[in-house]
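First comes the structure, then the notes that go with it.
The figures that follow rest on heavy atoms only: side chains count, while hydrogens, waters and symmetry mates do not. The shown structure was predicted, so the numbers you read here are calculated from the model rather than taken from an experiment. Letters A, B, ... are given to chains in the order of the sequence lines, protein chains preceding strands, and every chain is numbered from 1.
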Amino acid sequence: MTDKKVRVRFAPSPTGGLHLGGVRTVLFNYLFAKKHHGDFVLRIEDTDQTRYVEGAEQYILDCLKWCGLHPDESPVEGGPFAPYRQSERKCIYREYAERLVMQGHAYYAFDTAEELDKNRKEIPNFQYGQVYRETLRNSISLPQHEVDALLDAHTPHVIRIKMPADETVSFNDMIRGHVSFETNQVDDKVLLKADGMPTYHLAVVVDDYLMKISHAFRGEEWLPSAPVHLLLWEYLGWKAEMPQWAHLPLILKPDGHGKLSKRDGARLGFPVYAMTWFDAKTGELTPGFRELGFLPEAFLNLLATLGWNDGTDQEIFTLDELIEKFSIERVSKAGAKFDFEKAKWFNAEWIKRSEVGSLKPAVSKVLADKGIVVTDDEKLETVINLVKDRCVVLPDFYQQAGYFFEQPKEYDLNAVKPKWTDAKTDFFNALTELLSTGGDIEAHDLETKFKALAEEKTLKVGDVMLPFRIMLVGGKFGPHVFDIAALLGKEETIRRIEKALEAFSAPAP
RNA sequence: GGCCCGUUCGUCUAGGGGUUAGGACGUUAGAUUUUCAUUCUAGAAACAGGGGUUCGAUUCCCCUACGGGCUACCA
C-alpha cells in the first residue's frame, strides 16, 4: 500500500503477568517487524491508575528478554518517540480530545458513575449513544451557558466520542478480510477520563499516529471497538496514515469454554504465564513456563504454531526461520484451544535437538538446585548427551542425570526385593570381585564379562540386569546400564553395588 | 438481549469446485531397546446442519445451529 517503514508495537498494560496470548501477540509483532526490516516498539499502556501493579512492567521486560524478543524502542531503551509510557504522555492527549470537541465529534459528559449504573440497571439495552445521548447530562443535551458553568466550576467530566448516525464503518483486516459495523450500534465511548487520563481508545490512536505505527496487531477482543478507532483516525485527520489492522484469534481454554485465563492454569495443571508471576498484593504465585523448565525456543515455537503455519508440514522452527517464513495473512481466523500435551512435545523436541553446550547452563542449574554441584565439565557434557532424549522439561534432568553425580537416595525395592535370592547376592559379590581386580570399566567389555558371570552362576542375565540398574540409578530408567557403569567408574560402581546389596538382602521390615 | 467474529479427526492444523481430505500432538497395536524413554512401522479418528449456485460442492452464497468476543471514566 505504502512504502513507509514497518513499525509495530506491543502495548500491554502493566496489570500482572504476561499470558500466553500476550506473548504470542509480541511474537507475531516481532516476527512481522523483523521480516520487513522494521521496528518493534514496546509501549506501556498504564492509563488506568487503579489497576496499576507494581513490578508488572519489569516483569514484561524480563519476559521479552527471556524470549529473546528485544524491542527496538521501549521505556528503558528509549527512542525517538519517547516517552513510551502513556502515564508520562498524559499531557498530550487532552489537546486531541478538545480538538474533537471543537469539531463536534466529541462532547463533554457530566454524568456520574452512579447515574450511569442506574440507567444500565433500569433500562434494558442501555447504551450511552444515539438513543439516550439527549436525555443525559452532556454538552449536547445541556444549553451552552450551563455547560460553561459546569466547566468553570470544575465539575468532574469526561469527553466522549459522538458516534455519527446511520453510517457504516468498514475496514480490511489483514487476517479477517472485510469487516464492517453500523455506527448506530456502537456507543459513545469515553475518550478522556475525569482524571485527565485518556482511555485506551484515544491513547492507542494518538500514540500509534505519533509513533508512526504502520501495522497494528492485537487480540480479537478489540474488534468491537475498532470502529471507534477508525473514526478517530478519520476525525483527527490522519486517515491516510492509519496502520493496517490485524486482529489475532484468541487462545481458548483446553476444556470448557472461553478464553484462556490464569485460573485455568491452576485448575488444569499447566502454566499460562511465560514466567512465574508473584503478586505482591495478594501474595499469589502463578507459575510460568520458564520455571517449569521450558526452553524459550520451544515456548516461542509452540506459540508460533498456535494459529499460524507456513503451509508445509514443518512444525519445528527456529526464531530465524520464523522470521523468514512468517506472514500475518497465514494466521488463522478461529480461536485455538491450548494443548499442554503438544506444548510438552515441542519442548522435548527442542531439548533433543539442542546442542549440549546450550543445554549445559540450564542443566547445571537444575542439578545445583537439588544440591548437586558439578565440577567435571566433560562428564556433564557426556551425561547430557546420554540422557537428553528422555527429558521433556528441564527438571527431568535431575532424575535422568542426577545419579551420575550422587548415589541413589532410595531404591525401587519393589522391583527387586520380592525376587531376591542368595544366588544373586553371590553373583554381585563375584561381580565386585571381578571389577576390583580389573582395570577401569569399558562398557562393552563389562557387558561381556557380566553375561559370562551370570552364565557361570547359572542365572538368567535378565534376572541380574535389572537389579544392577537399580543399584546404580535407583530405579527402572536411564540409558544402558553398562554405559552408566563406565561413566561412574570402577570405584563408584563397586561402592554402589555394595551399598545396594545391604538394602536388597536385608530382611523385609 | 444487542453487535461483531468464527466453525475440517479429541486437540493444533493443511487443503480447496472433481483428492484414497494430508500432517502433527494425543491414542491403539506391533518392532527395537534384557529398564524407562527415544526411534521405527501400522491403525482408529474430521469437512456442524439445511437450502441454493454448479455437470459436480467439504471448498462459493444464504439461513439455522453451535462456539467465541465485546457490550466500564479496564485494557
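Comparing the C1' positions of A24(B) and G15(B) gives a spacing of 15 Å, expressed to the nearest Å. Taking atom C1' in both U20(B) and G43(B), one finds a spacing of 16 Å when rounded to whole Å. Between A31(B) and G67(B), the two P atoms lie 45 Å apart (nearest whole Å). Between the P atoms of G2(B) and C9(B), the separation comes to 29 Å (whole Å). A48(B) and U41(B) have their P atoms separated by 31 Å, with the value rounded to a whole Å. Nucleotides C5(B) and U39(B) are separated by 43 Å at their P atoms, to the nearest Å. If you take atom C1' in U13(B) and the same atom in U8(B), they sit 9 Å apart, rounded to whole Å. Nucleotides A14(B) and U7(B) are separated by 10 Å at their P atoms, to the nearest Å.
Within residues 471-479 of chain A, the residues that place at least one heavy atom under 4.0 Å from RNA chain B are, in residue-number order, Lys476(A), Phe477(A), Gly478(A), Pro479(A).
One interatomic measurement links the two molecules: NZ of Lys337(A) to C1' of C9(B), which rounds to 13 Å at whole-angstrom precision. Atom CG in Asp339(A) sits roughly 6 Å away from atom C1' in C25(B) (whole-Å rounding). For the pair Ile316(A) CD1 and C12(B) C1', the computed distance is 13 Å after rounding to whole Å. Per the geometry, CZ belonging to Arg24(A) stands 12 Å off P belonging to C12(B), to the nearest Å. The nearest whole Å value for the distance from the NZ atom in Lys342(A) to the P atom in G10(B) is 15 Å. With rounding to whole Å, Ile251(A) atom CD1 is found 16 Å from G6(B) atom C1'. Remark: P of A37(B) and CG of Leu386(A) are 17 Å apart, rounded to the nearest angstrom. The CD1-P distance, from Ile351(A) to A37(B), rounds to 17 Å in whole Å.
If you find the closest nucleotide of RNA chain B to Gln185(A) and to Val481(A), the one lying nearer the 5' end belongs to Gln185(A). Taking for each of Arg469(A) and Glu349(A) the nucleotide of RNA chain B with the nearest heavy atom, the 5'-most of the two is the partner of Arg469(A).
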Intermediate values then yes/no, ring-ring contact (aromatic ring centres under 6.0 Å, His included), Phe427(A) and Phe450(A): CA-CA 10 Å; Phe427(A) 170 87; Phe450(A) 185 94; 5.1 Å; yes
Would you please test Asn138(A) and Ser141(A) for side-chain hydrogen bond (donor to acceptor under 3.5 Å, both in side chains) and show each step? CA-CA 6 Å; Asn138(A) 54 55; Ser141(A) 61; 3.3 Å; yes
Asn309(A) vs Arg330(A), side-chain hydrogen bond (donor to acceptor under 3.5 Å, both in side chains): CA-CA, chis, key distance, verdict: CA-CA 7 Å; Asn309(A) 70 82; Arg330(A) 283 199 66 88; 2.9 Å; yes
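At the heavy-atom level, Val179(A) lies under 4.0 Å from the strands shown only through sugar-phosphate atoms. Here Arg330(A) lies in heavy-atom contact (under 4.0 Å) with sugar-phosphate atoms only. Among the heavy atoms of the strands, none lies under 4.0 Å from Lys460(A).
With Asp188(A) contributing its side chain and Lys162(A) its backbone, the two residues share no donor-acceptor pair below 3.5 Å.
Of all nucleotides listed (U35(B), A14(B), C5(B)), U35(B) comes nearest to the side chain of His480(A). Distances from the side chain of Glu315(A) to the nucleotides C5(B), G23(B), U7(B) place G23(B) closest. The side chain of Ser332(A) sits closest to U13(B) out of U39(B), G6(B), U13(B).
For the 3.5 Å distance criterion, the side chains of Tyr93(A) and Asp207(A) qualify, holding a donor opposite an acceptor.
Using a 30° and 60° split on the angle between ring planes, Phe110(A) and His157(A) fall in the tilted class, from 30° to 60°. Ring geometry for His215(A) against Phe217(A) counts as tilted: the plane angle lies between 30° and 60°, on a 0 to 90° scale. Between Trp308(A) and Phe326(A), the ring planes lie tilted relative to each other; the angle falls in the 30° to 60° range. Under the 30°/60° scheme for interplanar angles, the aromatic rings of Trp222(A) and His229(A) are found to be tilted.
The side-chain contact (heavy atoms from CB on, under 4.5 Å) test applied to Lys449(A) returns Leu434(A), Asp445(A), not counting sequence neighbours.
Of the nucleotides present, none pairs with U33(B) by Watson-Crick or G-U wobble criteria with both distances under 3.5 Å. As the counterpart of G67(B), C5(B) is assigned, both hydrogen-bonding distances of the Watson-Crick or G-U wobble pattern falling under 3.5 Å. The base-pairing partner of C25(B), taking Watson-Crick or G-U wobble contacts with both distances under 3.5 Å, is G10(B).
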Return a single string for nucleotides 70-75 of chain B, one symbol per nucleotide in 5' to 3' order, where B is base contact, S is sugar-phosphate-only contact and - is none, cutoff 4.0 angstrom on heavy atoms. S-SBBB
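More than 12 heavy atoms of other shown residues, nucleotides or ligands fall within 6.0 angstrom of atom CD in Glu167(A). The 12-atom threshold is exceeded at CZ of Arg99(A), counting heavy atoms of other residues, nucleotides or ligands nearer than 6.0 Å.
When the side-chain nitrogen and oxygen atoms of Asn125(A) are compared with OP1 and OP2 of G1(B), none of them lie within a distance under 4.0 Å.
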